[in-house]
Novice: 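Here it is, the structure, as structure tokens.
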Amino acid sequence: MDQQNYSRVTEFVLLGLSSSWKLQCFFFVFFNFLYIIIVLGNFLIVFTVISEPALHTPMYIMLSNLSVLDVLLATYATPKMIHDFLHEPKTISFEGCMVQIFLLHVFAGGEMVLLVAMAYDRYVAICKPLHYTAIMNLCKCTGLVVGSWVIGVMHSLSQLAFTVNLPFCGPNIVDSYYCDLTLVIKLACTDTYIPEVLMLLDSGLMGVTSFLLLLISYTVILVTVSRHSSVDMAKARSTLTAHIMVVTLFFGPCIFIYVWPFSNFPVDKVFSVFSTVFTPILNPIIYTLRNKEVKSAMNKLKTQYVNSKLPCLSFTQNPLL
């Protein structure tokens, strides 16, 4: 289409989760509560890891970075969604839409790579325990964490390159609560077959590669763990269970959404909400419930905080002082 024959779309209309006013009021309160829990829960893990020297190990450094990514993954779209529950029309600028797409793939891509790095850390710890400190040193841990962010940014830029230069001139309604790349591409005023295929190959390659690496790592780890019954192996099983649960929660919705990437089903919204809201809230719960070291460190911090407050309370309650 000749560029002179169309006017460029400056904003998109988001249909959100529901058109019912009562449901939107309920969702406003419900998701506000969940978002607060996400931020507090994940930053509690970050604060615990930073404050407890015993947790200054590669596994917990990666865990704290996973918590940061979970907060960011929930933040790129959830506050906007909460705002839109009480406002009409639900619009987002073209630039804001591109920013959402960019941030989603940075954080989701970075989390995929970080989960693989965490699986590698557990592989070394369980399968090569005598060489763990030599292999997983601070330098390598830092490299894995930084690498997850770099790969996430590169993946996101490659995805955005397929979209930002497409001509958008006609329909601007996105049947979601955020700018879903698979839905936005379909609104372009041109044949989008090639961009759709390139986008699918890009995301598919990264997702499948990460999932296969995780599958291989955990298979080897499970085989190794099954041959032992010591206390250390029991501890390894507990940690491993938490990792597998988190991986399942993260990749499950992604696999479903990208099986039919350009077909819009109502259940897609459910899986989108699950991956951007419920997964970030479940990750800290899983790790704190399944990890004795984290629970012990949190109890220690709680005890220290209470003890530090008691002298102050005694001082204020004694009228003679």
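Numbers for residues simply follow the sequence, beginning at 1. The structure presented is a predicted model; accordingly, all values stated were derived computationally and were not measured. Computation of the quantities below employed the complete heavy-atom set of this structure, encompassing side-chain atoms and omitting hydrogens, waters and symmetry-equivalent molecules.
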Novice: Is there a side-chain contact between Phe27 and Ser18 (heavy atoms, below 4.5 Å)?
Specialist: yes
Novice: Give, for atom CZ of Phe33 and atom CD1 of Ile38, the distance between the pair rounded to the nearest 0.5 Å.
Specialist: 10.5 Å
Novice: Would you indicate whether the side-chain heavy atoms of Met59 and Cys141 approach each other to under 4.5 Å?
Specialist: no
Novice: Quick one, Tyr132 with Val124, criterion side-chain contact (heavy atoms from CB on, under 4.5 Å). Give me CA distance, side-chain angles, the key distance, then yes/no.
Specialist: CA-CA 6 Å; Tyr132 178 76; Val124 176; 3.6 Å; yes
Novice: Examine Phe30 and Tyr177 and state if one hydrophobic cluster contains both, with Ile, Leu, Val, Met, Phe, Trp and Tyr joined whenever side-chain heavy atoms are less than 4.5 Å apart.
Specialist: yes
Novice: In Å, rounded to the nearest 0.5 Å, how long is the span from CZ of Arg122 to CD1 of Ile221?
Specialist: 8.0 Å
Novice: Using the rule given for ring pair (Phe, Tyr, Trp, His ring centres under 6.0 Å), can you reason through Phe168 versus Phe12, listing the C-alpha separation, both sets of side-chain angles and the distance that settles it, and then say yes or no?
Specialist: CA-CA 10 Å; Phe168 293 93; Phe12 293 96; 5.7 Å; yes
Novice: Counting distance only, does the side-chain N/O of Ser156 pair as donor-acceptor with the main-chain N or O of Gly152 below 3.5 Å?
Specialist: no
Novice: Nearest heavy-atom pair of Leu55 and Tyr60: which atoms, and what distance?
Specialist: O-CB, 3.0 Å
Novice: Less than 4.5 Å apart, side chain to side chain, heavy atoms only: is that true for Lys128 and Ile135?
Specialist: yes
Novice: Report the C-alpha separation of Leu114 and Met62 in whole Å, then their side-chain angles, then the decisive distance to 0.1 Å, and conclude whether the side-chain contact (heavy atoms from CB on, under 4.5 Å) test is met.
Specialist: CA-CA 7 Å; Leu114 187 61; Met62 293 182 191; 4.3 Å; yes
Novice: Does a side-chain heavy-atom distance below 4.5 Å link Phe85 with Leu23?
Specialist: no
Novice: Counting C-beta onward and ignoring hydrogens, is there a side-chain heavy-atom pair between Val246 and Thr279 closer than 4.5 Å?
Specialist: no
Novice: Got His105 and Val153 here, is their nearest side-chain heavy-atom distance under 4.5 Å?
Specialist: no
Novice: Linking I/L/V/M/F/W/Y whenever any side-chain heavy atoms sit under 4.5 Å apart, do Leu115 and Val208 land together?
Specialist: no
Novice: Any chance you could measure Ser210, atom OG, to Met206, atom CE, to the nearest 0.5 Å?
Specialist: 5.5 Å
Novice: Parallel, tilted or perpendicular, judged at 30° and 60°: which one describes the rings of Phe278 and Phe31?
Specialist: perpendicular
Novice: Using the six-membered ring of Phe94, assess whether NZ or CZ of Arg8 lies under 6.0 Å from its centre and within 45 degrees of the ring axis.
Specialist: yes
Novice: Under a plain distance cut-off of 3.5 Å, with no hydrogens placed, do Glu196 and Thr192 share a side-chain donor-acceptor pair?
Specialist: yes
Novice: Using 4.0 Å as the upper bound for N to carboxylate O, is an ion pair formed by Glu293 and Lys295?
Specialist: no
Novice: Between Phe28 and Met81, is any pair of side-chain heavy atoms under 4.5 Å apart?
Specialist: no
Novice: Looking at CG of Asn65 and OG of Ser148, how far apart are the two atoms once the value is rounded to the nearest 0.5 Å?
Specialist: 6.5 Å
Novice: Is a side-chain donor or acceptor of Gln100 paired with a backbone partner of Cys179 at a separation under 3.5 angstrom?
Specialist: yes
Novice: What is the distance from atom CG of Leu160 to atom CG of Leu104, rounded to the nearest 0.5 Å?
Specialist: 11.0 Å
Novice: Just checking, any donor-acceptor pair under 3.5 angstrom between side chains of Tyr178 and Thr78?
Specialist: no
Novice: Determine whether Phe107 and Val68 satisfy the following criterion, side-chain contact (heavy atoms from CB on, under 4.5 Å), listing intermediate values before the conclusion.
Specialist: CA-CA 10 Å; Phe107 304 145; Val68 172; over 6 Å; no
Novice: Can any side-chain N or O of Ser275 pair as donor or acceptor with the backbone N or O of Ser272 at less than 3.5 Å?
Specialist: yes
Novice: Taking all non-hydrogen atoms of both residues, which atom of Met136 and which atom of Leu144 are closest, and how far apart?
Specialist: CE-CD1, 3.9 Å
Novice: Does His87 offer a backbone N or O that forms a donor-acceptor pair with the side chain of Asp84 under 3.5 Å?
Specialist: no
Novice: On a heavy-atom basis, which atom in Tyr35 and which in Ala74 lie closest, and how many Å separate them?
Specialist: CE1-O, 3.9 Å
Novice: Any chain of hydrophobic side-chain contacts (each under 4.5 Å) joining Ile82 to Leu15?
Specialist: no
Novice: Which pair of heavy atoms, one from Val9 and one from Asn172, lies closest together, and at what distance?
Specialist: CG1-CB, 3.9 Å
Novice: Do the non-hydrogen side-chain atoms of Val277 and Ile281 ever get within less than 4.5 Å of each other?
Specialist: no
Novice: What pair of heavy atoms forms the shortest contact from Met112 to Gly207, and how long is it?
Specialist: SD-CA, 3.9 Å
Novice: So, for Pro280 and Asn42, which heavy atoms are closest and what is the spacing to 0.1 Å?
Specialist: O-ND2, 3.0 Å
Novice: Are there more than 12 heavy atoms of other residues, nucleotides or ligands under 6.0 Å from atom OH of Tyr123?
Specialist: no
Novice: Which residue is it: Leu214, Val247, Leu66, Val113? I am looking for the one with a side chain to side chain contact (heavy atoms under 4.5 Å, CB included) to Met118.
Specialist: Leu66
Novice: Between Ser64 and Ile61 (side chain of the first, backbone of the second, donor and acceptor by atom type, cut-off under 3.5 Å), is there such a pair?
Specialist: yes
Novice: Test Glu111 against every option in Leu72, Val116, Leu69 by the side chain to side chain contact (heavy atoms under 4.5 Å, CB included) rule and name the one that passes.
Specialist: Leu69
Novice: Among all residues two or more places apart in sequence or in another chain, which pass the salt bridge (Lys or Arg N to Asp or Glu O under 4.0 Å) test with Asp202?
Specialist: none
Novice: Side-chain heavy atoms under 4.5 angstrom apart, residues restricted to Ile, Leu, Val, Met, Phe, Trp, Tyr: same cluster for Leu157 and Leu73?
Specialist: yes
Novice: Go through Thr163 and Phe102 one step at a time and tell me if the side-chain contact (heavy atoms from CB on, under 4.5 Å) criterion holds.
Specialist: CA-CA 10 Å; Thr163 311; Phe102 174 76; over 6 Å; no
Novice: A quick test of your reading: do over 12 heavy atoms of other residues, nucleotides or ligands sit less than 6.0 Å from CD1 of Ile194?
Specialist: no
Novice: Are Met199 and Leu205 in one and the same hydrophobic cluster, where Ile, Leu, Val, Met, Phe, Trp and Tyr link if side-chain heavy atoms are under 4.5 Å apart?
Specialist: no
Novice: Answer yes or no: does atom OH of Tyr218 have more than 12 heavy-atom neighbours from other residues, nucleotides or ligands under 6.0 Å?
Specialist: yes
Novice: Main chain of Thr48, side chain of Ser51: is a donor-acceptor contact present, judged purely on distance under 3.5 Å?
Specialist: no
Novice: For the pair His56 (side chain) and Ile50 (backbone), establish whether a donor and an acceptor sit closer than 3.5 Å, ignoring hydrogens and angles.
Specialist: yes
Novice: Would you say that more than 12 heavy atoms from the other residues, nucleotides or ligands in this model lie under 6.0 Å from the NE2 of His131, or not?
Specialist: no
Novice: Atom CD1 in Ile126, atom CG in Leu222: separation rounded to 0.5 Å?
Specialist: 8.5 Å
Novice: Using a 3.5 Å distance criterion without hydrogens, assess whether the side chain of Thr224 forms a donor-acceptor pair with backbone atoms of Cys127.
Specialist: no
